[in-house]
Amino acid sequence: MASRSGIKRVPIKDVLSLLSQRVSVVAVILEYSFPKTTRGTDYCCVLRIVDQSHHETGMAVNLFALTADKLPHVAEAGDVIHLCNVSVRTFDGEYNLVYSKAFSSFALYQGKDSDDLVPYQVSSKYQRTNADGICIHELRKWRVNFQPNDGRHEFRLFKEIKEGDHVNLACKILHFGEVAKDEWFIYVWDGTNAPPNTIRSKLEDEMNCPLPLQLESLALPRDLYCTFPTVGSILRITFDGSIDKSHFHLLDNVKLKWIKLVNMRLEVHAGLWRGLFTPFTKFRYTPAEDNLILTRKRFSDERISRRFEINYLGCVPVPSTVTVVTVDCHCAPHVTLMEALTNNQVTAKFKCVVRVVAALPCQPEMLRSPAGIYRMQLTLEDATARIHAYVFAKDGETLFGGYPDTDSLSKKLNKLLGVTEGGATSDKRHPPWVSVCLESYYLNKDDTWGTRHFRVSSTKVAEEA
DNA sequence: TTGGGG
């Protein structure tokens, strides 16, 4: 069907026989990326589109514009795009479409089936015929029953991730925002526990360069934290420098939704998992009734609702025999660190299974003050959070079995921290999962929540067998 | 021109 411009609107499959020609298409956006800078003069964003004629892998579309603002602001994957006067090219044996800022135009429409034909974004020069409108209606009707073919994609659970991976994730967007100046994070969750990491830092550096409690330079406010799930890992995703920030507000459209992200990079930073949104990362169309999403939702709902029934599906790992908690902690509830952090009582007592990832001080002869009183700071983590917890006086006596000699104290500390050789100078350790009794307290009764801290009590490092 | 897979 020729439009007023004389450019023919074609089904995507016909593009495969129109190399070097210009065409128009009406298509569903299967995947889209955020705008990124290019090695040329423009910004670029990449879409993958499908229609009734070509919906297995879809077709890539590269759009270029002088400013990121002129590129499509896709509200959600699955929306409809009308691309006019785009060029047909091939690369590596695959056909794709190229949008030129000089002569192409586009309009974006909601993907959901409705009579509304008001585009939510139009480029300059965009025109639509009645026949184009009918085509949009037909495409929306087709989309109602369209399930993208994910055959080529494996969507990894957080419990299956590995460092350095490029992965596809199917997860819930918990929150998005600029947590500090130029520090943008997406918080995602799928209900499973990400694997624990090797800690690659020197204990003796803990004073000057401590292991951080979170990737953000500022901790999130407590009221936001308290809205997060308390079982399963919350993965922080940050952005590669070449991603343009001007479209970030579009993430509000997927807040609290389960979505599919493809080609996310996974890194470990200070022993903490970090997702990196790279120029290759894309949002993928995720229908509400998507089978994978329904399965994941069911699993995570069940994990939360049956949390206190039993240690359901490994919410808490099996602890080693490195520590034992003493009888006065036996009645304390078994919780994750997120549950301890978000508990509505300022002062409370918990039993947790954690890893001791750092200690300050770490030299055995320094664990007590000149007056002989234990005082040290431990950094504890589980799959849900990392916190500081203090060991004071009598709690230190319990933990280390009184006042053992330096050699024996050093052995106990190394066991707790998973140091196998080199002591404080080793730059690699594998802390074991250990049971601890955790008590929360406050320093100032006028600001109980603001001065809330944790201490390790009623916990003992087991004697050598 | 740029990018396309990752």
Side-chain angles (χ1 to χ4, degrees), chain A residues 12-23 25 27-51 54-74 77 81 83 85-106 123 148-156 160-170 235 237-247 259-268 273-285:
Chain A
I12 298 175
K13 84 165 166 24
D14 290 8
V15 169
L16 307 176
S17 58
L18 294 167
L19 184 59
S20 304
Q21 298 193 44
R22 291 196 200 161
V23 297
V25 293
V28 170
I29 298 167
L30 178 66
E31 289 177 1
Y32 72 96
S33 70
F34 276 139
K36 56 206 176 198
T37 53
T38 65
R39 280 183 292 177
T41 54
D42 292 333
Y43 283 85
C44 169
C45 88
V46 180
L47 308 180
R48 190 160 272 277
I49 56 169
V50 289
D51 70 2
H54 193 84
H55 50 80
E56 289 299 307
T57 56
M59 182 171 285
V61 187
N62 302 311
L63 298 98
F64 297 99
L66 206 51
T67 60
D69 199 49
K70 290 195 165 66
L71 290 167
H73 290 60
V74 180
I81 192 163
L83 289 158
N85 211 348
V86 290
S87 311
V88 180
R89 304 269 178 83
T90 56
F91 177 79
D92 227 4
E94 256 207 67
Y95 282 74
N96 65 298
L97 297 170
V98 178
Y99 177 98
S100 159
K101 63 191 175 204
F103 50 78
S104 307
S105 63
F106 75 86
S123 71
N149 182 349
D150 288 335
R152 297 193 317 168
H153 295 79
E154 183 203 351
F155 288 89
R156 205 77 65 78
E160 301 163 330
I161 60 179
K162 292 190 204 72
E163 189 173 1
D165 270 356
H166 264 100
V167 293
N168 308 318
L169 300 175
L235 180 69
I237 298 172
T238 186
F239 296 87
D240 177 287
S242 59
I243 309 279
D244 184 81
K245 297 185 187 78
S246 65
H247 290 204
I259 63 159
K260 290 179 178 171
L261 288 167
V262 298
N263 286 328
M264 174 71 59
R265 194 176 154 74
L266 285 170
E267 300 177 340
V268 176
W273 285 103
R274 174 165 74 174
L276 192 64
F277 203 104
T278 76
F280 330 124
T281 306
K282 292 190 182 74
F283 294 95
R284 186 169 169 91
Y285 174 43

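Hydrogens, waters and symmetry mates are skipped; everything else that's a heavy atom, side chains included, is used. By convention in this document, chain letters (A, B, ...) are assigned in the order of the sequence lines, proteins followed by strands, and residues within each chain are numbered from 1.
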In whole angstrom, give the distance that lies between atom CZ of A/R284 and atom P of B/dG6.
-> 11 Å
Under the salt bridge (charged side-chain N to carboxylate O under 4.0 Å, His left out) test, residues paired with A/R22 that sit two or more places apart | none
Between P of B/dT1 and CZ of A/F91, the distance in whole Å | 15 Å
Between the side chains of A/D240 and A/S242, is a donor N or O closer than 3.5 angstrom to an acceptor N or O?
-> yes
Round to the nearest Å and state the distance from A/D92 atom CG to B/dG6 atom C1'.
-> 12 Å
Rounding to a whole Å, what distance do you find between A/L71:CG and B/dG3:C1'?
-> 12 Å
For the pair made of CZ in A/R89 and C1' in B/dT2, what is the distance, rounded to whole Å?
-> 11 Å
A/F106: ring-ring contact (aromatic ring centres under 6.0 Å, His included) partners, not counting sequence neighbours | A/Y99
Would you say the side chain of A/N96 and the base of B/dG4 hold a donor-acceptor pair, judged only by whether the two atoms sit under 3.5 Å apart?
-> yes
Using a heavy-atom distance cut-off of less than 4.0 Å, which residues of residues 56-63 of chain A contact DNA chain B?
-> A/A60, A/N62
Taking atom types as they are modelled, is there a donor-acceptor pair under 3.5 Å from the base of B/dT1 to the side chain of A/K101?
-> yes
Quick one: on DNA chain B, does A/R152 or A/T41 contact a more 5' nucleotide (nearest heavy atom)?
-> A/T41
Sequence neighbours excluded, which residues qualify as ring-ring contact (aromatic ring centres under 6.0 Å, His included) partners of A/F277?
-> A/F34, A/F239, A/F283
Which is true for A/D42 with a 4.0 Å heavy-atom rule: it touches a base, it touches only sugar-phosphate, or it touches nothing?
-> base
Interatomic distance, A/K36 NZ vs B/dG6 P [rounded to whole Å] | 12 Å
Go through the structure and list residues passing side-chain contact (heavy atoms from CB on, under 4.5 Å) with A/E94, not counting sequence neighbours.
-> A/R48
Side chain A/K282, main chain A/V262, donor-acceptor under 3.5 Å | no
Rounded off to whole Å, could you give me the CD-to-P distance for the A/E31 and B/dG4 pair?
-> 12 Å
With sequence neighbours left out, what residues match A/D14 under salt bridge (charged side-chain N to carboxylate O under 4.0 Å, His left out)?
-> none
Between A/R39 (CZ) and B/dG4 (P), how many Å, whole number?
-> 10 Å
